[in-house]
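Taking it in order: structure first as structure tokens, then the write-up.
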Amino acid sequence: MPTAAIIGGGVIGSAWASRFLLNGWHVQFHDPAPNSEAVLNIVLDKARRWVPEVYDRLPAEGALTLCDSIADAATGAEWIQESTPERLEIKQAVLVEVQASCAAEAIVASSTSGFMPSELQAGSARPEQILVAHPYNPVYLLPIVEVVPSAAVPEETVQRAEALLRDIGMKPITLRAEIPAHVGDRLLEAVWREALWLIKDGVATTEQIDDIMTHGFGLRWAQKGLFETYRTAGGEAGMKHFLEQFGPCLQWPWTKLTDVPDLDEELIDRIVEQSDAQAAGRSVSELEDERDANLVAMLKALRKEDTAAGAFLNRLGGSGA
Ligand SMILES: NC(=O)c1ccc[n+]([C@@H]2O[C@H](COP(=O)([O-])OP(=O)(O)OC[C@H]3O[C@@H](n4cnc5c(N)ncnc54)[C@H](O)[C@@H]3O)[C@@H](O)[C@H]2O)c1
């Protein structure tokens, strides 16, 4: 069975470990935090509960080894997934240590939300084996992963990375160019920035903004994305009509665009207060369970309709239906 090394086991690293294990890979796991094993076990329990509901042809679970050092974790691994805090100097130092122990043909992937692979490769002994594999939370359930190589990464390595990610039930999307924050986080940041303005300007609360998403366009996005949604919004005339009708709006000041709201104490307090009220006493773990149950129900529905992520899961080879 192949082996993956997980370096950094917080929210994302633990979920990567769970995905690899549940898809039959052995996992060598390293995180220096004293509570890292407990964090991993909590995430792994959630993954064991939910993943088999939508990925229904899973192999026997791989073996987990907890490692005291990066060197121990990286030695012998085919895939190394770095998920340390989003600080370039930490990631670069970790990657140097990883490369001192891993095989030259191993793939060294980073979960970074914002850094470009060429930034991660600076100072590295073998830049050609480092790329970005950016997942979405919860990594054990959501199939998408953005693969971002730099010019230093050969095509053969990219293809091998895509094949390995498919092996653990993921849908890799390889970007055509490296940019800060890749694609998904670019889109999300634009929405996030607007939402912060709407709260700062007193237009809506966190709960109202979430309701507008969850009862409306969030449902559309989950199965039709942005462009197919707008194609249908244009009626029979489709995308051309939609662009003609709504294109001019882009010139009006509907959005604050790239202006960044000042995240001062007052705004932070307001968001935290509204978010606490919205949670109504539910813990983060309870919110995660609600999220996972909903995702599973939605993925099942999409599988039944054989559309979007459901169509992808229906056609998975080793795992999935
Ligand atoms: N949270 C998300 O939704 C999300 C989504 C996609 C990608 N990411 C990216 O994943 C990465 C990790 O994010 P996270 O949310 O899991 O953060 P996190 O703070 O939950 O976890 C980071 C972990 O790294 C460990 N760590 C710190 N120094 C280390 C070292 N030298 N060696 C090994 N482990 C070390 C910490 O103990 C911690 O457990 C970041 O690059 C982030 O941008 C996050």
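Start at 1 and go down the list; that is how both ligands and their atoms are numbered. On a predicted model such as this, the values are computed, not experimentally measured, just so you know.
- Among all protein heavy atoms, the one lying closest to atom 1 (N) of ligand 1 is Ile12 CG1, 3.8 Å.
- Atoms of ligand 1 lying under 4.0 Å from any heavy atom of Asn137, numbered from 1 in the order shown and given with element: 3 (O).
- Annotation: atom 28 (N) of ligand 1 to nearest protein heavy atom, Pro85 CD, 3.9 Å.
- Residue Val11 approaches ligand 1 through these ligand atoms, each under 4.0 Å from one of its heavy atoms: 15 (O), 16 (O), 20 (O).
- Below 3.5 Å of separation, one finds no N or O of Ile90 facing any N or O of ligand 1.
- When each atom of ligand 1 is checked for a heavy atom of Ala33 under 4.0 Å away, the hits are 37 (O).
- Neither the backbone nor the side chain of Val39 has a heavy atom within less than 4.0 Å of ligand 1.
- Of all the heavy atoms in Gln274 and Thr206, the pair that sits closest is OE1-N, 2.9 Å.
- Checked against side chain to side chain donor-acceptor pair (under 3.5 Å), Gln208 has no partners two or more places apart in sequence or in another chain.
- Side chains of Leu64 and Leu40 form a contact here, defined as non-hydrogen atoms less than 4.5 Å apart.
- Under a cut-off of 6.0 angstrom, the local environment of CG in Asn35 is crowded, with over 12 non-hydrogen atoms contributed by other residues, nucleotides or ligands.
- The protein does not reach atom 19 (O) of ligand 1 closely, with no heavy atom under 4.0 angstrom from it.
- Ligand-side atoms of ligand 1 in range of Ser113: 6 (C), 7 (C), 8 (N), 9 (C), 42 (C), 43 (O), 44 (C), range being under 4.0 angstrom from any heavy atom.
- Taking every heavy atom of Gly10 and a limit of under 4.0 angstrom, the matching atoms of ligand 1 come to 16 (O), 20 (O), 21 (O), 23 (C), 39 (O).
- The hydrophobic clustering, which links ILVMFWY residues whose side-chain heavy atoms are closer than 4.5 Å, places Phe115 and Ile90 together.
- At most 12 heavy atoms of other shown residues, nucleotides or ligands fall within 6.0 angstrom of atom CZ in Arg87.
- Of the listed residues (Gly8, Ala181, Ser83), the one carrying the non-hydrogen atom nearest atom 22 (C) of ligand 1 is Ser83.
- The single protein non-hydrogen atom nearest to atom 38 (C) of ligand 1 is Asp31 OD2, 3.4 Å, given as residue, atom name and distance.
- For atom 10 (O) of ligand 1, the protein comes within 4.0 Å by at least one heavy atom.
- Of the N or O atoms in His134, none lie within a sub-3.5 Å distance of an N or O in ligand 1.
- Ion pairing between Asp276 and Arg282 fails under the 4.0 Å rule for side-chain N and carboxylate O.
- Considering each of Pro32, Ala133, Ser111, the one bringing a non-hydrogen atom nearest atom 33 (C) of ligand 1 is Pro32.
- Ser111 has its side chain out of reach of Glu82: every pair of non-hydrogen atoms, C-beta onward, lies at least 4.5 Å apart.
- Remark: minimum distance from atom 31 (N) of ligand 1 to any protein heavy atom is reached at Val94 CG2, 3.6 Å.
- Atom CD of Glu155 has more than 12 heavy atoms from other residues, nucleotides or ligands within 6.0 Å.
- The aromatic rings of His134 and Tyr136 stand perpendicular to each other, their planes meeting at an angle above 60°, with 30° marking the opposite boundary.
- Atom CD of Glu266 has 12 or fewer neighbouring heavy atoms from other residues, nucleotides or ligands inside a 6.0 Å radius.
- Atom 41 (O) of ligand 1 has its closest protein heavy atom at Glu86 OE1, 2.6 Å.
- Atoms of ligand 1 found under 4.0 Å from any heavy atom of Lys91, numbered from 1 in the order shown, are 40 (C), 41 (O).
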